[in-house]
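Structure first, then comments.
Atoms considered below: every heavy atom in the structure, side chains included; atoms not considered: hydrogens, waters and symmetry mates. Keep in mind that what you see is a predicted model, and the values were worked out from it rather than measured. Both ligands and their constituent atoms are indexed starting at 1 by order of listing. Index from 1, following the sequence.
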Amino acid sequence: MCGIIGYVGPQGTDVTSILLNGLSRLEYRGYDSAGIAVLTSAGSLELHRRSGKIANLADAVENGSRPGQGTLGIGHTRWATHGRPNDVNAHPHPDCTGVLTVVHNGIIENYAELRQELQQTGHTFCSETDTEVLSHLIEHYYFHQASHDLVESVRFALLRVTGSYAIAVVSREHADLLVGARCNGPLIVGLGEQEQFLASDIPAILKHTRRVLILEEGEIVALRPNSVTVSTLDGKTVQRGPLIVEWDAEAAEKGGYPHFVLKEIYEQPDALRRALLGRIREGQLHLAEMERMQRTGLFDNVQRVLIIACGSSHHAGMLAKYIIEQWARIPVEAVTAAEFRYCDPLVGPETLCIAVTQSGETADTLVGIRQAREQGAPVIAITNVVASAITRLADAVLYLQAGPEIGVVSTKTFICSLAVLYLLALYLGQQRGRISNEQANTILAALERIPGQMQHVLDSARSADDTIEPLAKRIARVSSIMFIGRSVGYPTALEGALKLKEISYIHAEGFPAGELKHGSIALLDPDTPLVAIATSSHVYEKVVSNMQEVRARDARVIAVATAGDEGIRRHADDVLYVPETLEALSPLLAIIPLQLFAYHAAVARGCNVDQPRNLAKSVTVE
Ligand code: G6P
C-alpha cells in the first residue's frame, strides 16, 4: 500500500538510480503511479511524476531531463486512495514555494478540514490527494513557527494530523537532511557508510546495507550522511540499536524465474523447512515463543480461540479452526478482520486471539487486534515481517521465517502461516492433554516429510509429464470456475479460488461441497468447470457424490486427488495428484497444484502475475 524510498549521502551521488532501483523493489506495494524528487548538486529540487508503473517513470526520467548527481532524494510508488492515479496526484507533493516536498503512505483522515484551513490562509492545492495537506502544513510551520527547522516543522505538522502515515520529507535548503516519520505505516532506516536510506520495506535497501533500524509508531527520524537521530512526536530522543537482516539482496531477486510468484511457489519446500526450523527438534515440538505466555499464565483461562486475519491469511485461519478444534478440543472461530470490529465482539481474557498477517501491517487486522487487546484478550501474532506493527500488539510472536515474498499474492507465506498454525494447534493440544506423545510424534514426522513431498509435486510440474500447465492453458478461456471441498478441503478450495481470481481475473468461487446444491449449482453449465478437493479423507465419499452431481449437469470436473487413487478418474475429467499425507496436513500439498494452475492460467491470459490489477501486498488502510 504505497512504497516510500529516501536517500541522503555525499555530493555527487547518482541519487536518481538509487531511488528508481529502490522503488522497483517496492512496486509490489502499489503500482498505479510513481515519482521521485532529487536535490541535485547544483541545488535544484527536481521532480518527476508519472501515472502507471515505475517503468513509465523510469522512461520519463531517462528520456527527459534526468536529474544530475546530488545528495538527497525521495521516491514513491502509489496505490491510490484519495484522487485518481494520474500524474498530478502522483507523489512527491511539493509545497507552494517549491522548497519542500513530501511522499506519504497512509490516509490523513482530517485532510478535508486541514485543506480548507490552509486554503483560507492562501495555500494553493494542485492535487486531489490527502497527502498534499502535509506539504502545505509543513510549509506553514517551516516558514513561520519553526524558522526553517525541517524536523520541528514536521513535528508540528504531525501533531495536527489524525490518521495513518509513513512519510519522507526534504527541503531544498537542507542538502544533507532527510526527515521521516511513521504512525500506523511501516518505515525503516537503512544504515550505510556516510549515507542513509529510508524505506517502507527492507528489500528496497538491501542492495546497499543489511543494518536496519525499525521505527516505532509516533517517531520522527532525521537522517544525515553521518548520523541518524530518532525522536518521538513530543520531542524525546530515542536510542535504539540496529537489526542485522539475515537474508541478502539475492533472496529478493527473481533468480532466473520469469515471475516472483513462480519463484516463490518453487521456494515453498525451503520456506516450509525454515518455518519448522528449530521448532521440531529430535521429533519433539519446541515453541519457545509460547513459553513466556505460558509462564505468565495467559493460557490458564483460555476457553476459546479467535483467529483474526484477511485474504489468504484468513484462509489459513479457517483451516486452523478445523485443526485446533480437532487436536486441542477448544472452540475456534476464524473471522475476517474487516468485519470483526463491527460485530461488537465478545472477547476477554478467556479468548485467545491469533492474528495471522504475513505483512504484519494490514490495517483491518491491526484494528481488530487492538480492540481485542483493549478487552483483555491474550494475543499471538503470526507474521513474516520482523518488528512489523502487529508484533507490538502481541504477547507472543511466531515468525513465518518464509524469507521475502515479493509477488503480491501470498503463496509461500500462506504455506508457512499454515505450518505455524499446525505447530500452535499441536502445542495447545499437548498443553491441554488432548494429544498424546505418540500422536504428536506421528504429526510432526508427517509434517517434516511435507517439504520433500511438495518438491515432488513441483518437480513433476516441471517435467515432460506435467498436466497442470496444459490444463490451465485449456481452461484459461473460461469466464468462471467453481471450487469445492469439505472439511479442510473447504478452505483449500477458497484459497485455490482466490489465487485464480487474484492473478488470472477469471471469476472463481469456493464453496463447501455440500452447500453447492443449495443454490450455486444453478450456475454450472458445460462452460463452467469445477475443481474438487478430493484427497483421501473421512469426507472423500461425500465429495465424490458432489462431483457426480456436478457431472450430471455436464460441467467439467477437475479433481485434486491423492496419488494412487485411480478410481477418481471415473468421476473427473482431469486429475491433479498430490502425495499422501495425514488428512489434517493435506492442504499443504493440495494447494500446490492449484497455485500452479492459477499461475499458468494467468500467464496464458497475458496477466501481470506479480502485480495484479487493483491489489497491493500490504493494505495499510481500512
Ligand atoms: C492483501 C493481499 C492478499 C493478502 C491480504 C492479507 O489483500 O493482496 O494477498 O492475503 O492482504 O495480508 P496479510 O499481510 O495481512 O496477510
Side-chain angles (χ1 to χ4, degrees), residues 1-3 26-32 79 81 105 164 184-186 200-202 260-261 264-265 271 275 307-320 334-340 353-370 379-391 393-394 397-400 402 404-421 491 494-505 508 510 591 594-595 598-599 602 607-622:
M1 180 105 342
C2 299
L26 292 171
E27 199 167 23
Y28 69 87
R29 300 182 65 84
Y31 31 83
D32 58 39
W79 188 86
T81 58
N105 165 28
S164 60
N184 296 326
S200 301
D201 200 358
I202 294 170
F260 279 112
V261 168
E264 287 156 6
I265 289 173
I307 306 177
I308 301 172
C310 302
S312 295
S313 297
H314 175 50
H315 295 156
M318 288 176 74
L319 274 161
V335 292
T336 167
E339 277 304 308
F340 168 68
C353 287
I354 305 175
V356 188
T357 164
Q358 54 80 24
S359 66
E361 303 286 347
T362 299
D364 291 316
T365 307
L366 294 177
V367 170
I369 287 296
R370 221 169 264 132
V379 172
I380 298 173
I382 297 182
T383 185
N384 198 33
V385 180
V386 175
S388 54
I390 196 71
T391 64
L393 297 175
V397 181
L398 288 162
Y399 284 110
L400 303 184
E405 187 176 72
I406 309 295
V408 166
V409 295
S410 299
T411 51
K412 62 177 177 168
T413 56
F414 171 74
I415 287 292
C416 292
S417 299
L418 211 45
V420 169
L421 284 162
L494 290 179
E495 179 60 9
L498 181 63
K499 285 297 88 91
L500 188 69
K501 62 186 148 191
E502 279 181 312
I503 59 176
S504 76
Y505 317 144
I591 196 62
L594 299 184
Q595 293 170 340
Y599 171 78
C607 299
N608 186 333
V609 181
D610 284 337
Q611 294 168 346
R613 68 186 179 205
N614 306 336
L615 301 185
K617 188 151 195 74
S618 158
V619 182
T620 53
V621 292
E622 279 179 68

Does His314 have a heavy atom less than 4.0 Å from any atom of ligand 1?
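No heavy atom of His314 comes that close to ligand 1.
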Out of all atoms in ligand 1, which are within 4.0 Å of some heavy atom of [X]? Include the element for each.
X	value
Ser313	13 (P), 16 (O)
Val408	9 (O)
Ser312	10 (O)
Gly311	10 (O)

Quick one: closest heavy-atom pair of Glu361 and Leu366, and the distance?
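Of all heavy-atom pairs spanning Glu361 and Leu366, the closest is O-CD1, 3.7 Å.
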Can you give me the closest heavy-atom contact between Ile307 and Gly317, atom names plus distance?
CD1-O, 3.5 Å
Just jot down the ring-ring contact (aromatic ring centres under 6.0 Å, His included) partners of Phe340, sequence neighbours excluded, or say none.
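For Phe340, no residue satisfies ring-ring contact (aromatic ring centres under 6.0 Å, His included) once neighbours in sequence are set aside.
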Would you check whether Thr365 has a nitrogen or oxygen atom less than 3.5 angstrom from a nitrogen or oxygen atom of ligand 1?
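In this structure, Thr365 places no N or O atom under 3.5 Å from an N or O of ligand 1.
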side-chain hydrogen bond (donor to acceptor under 3.5 Å, both in side chains) partners for Ser312, two or more places apart
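Expected list: Glu495, Lys499.
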Is the contact between Glu502 and ligand 1 made by the side chain, the backbone, both, or neither, using heavy atoms and a 4.0 Å cut-off?
side chain
Interatomic distance, Thr357 atom OG1 to Ile308 atom CD1 [nearest 0.5 angstrom]
12.0 Å
Is the side chain of Tyr505 donor-acceptor paired with the backbone N or O of Arg613 at a distance under 3.5 Å, no angle test?
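The answer is yes, because a donor-acceptor pair under 3.5 Å joins these two groups.
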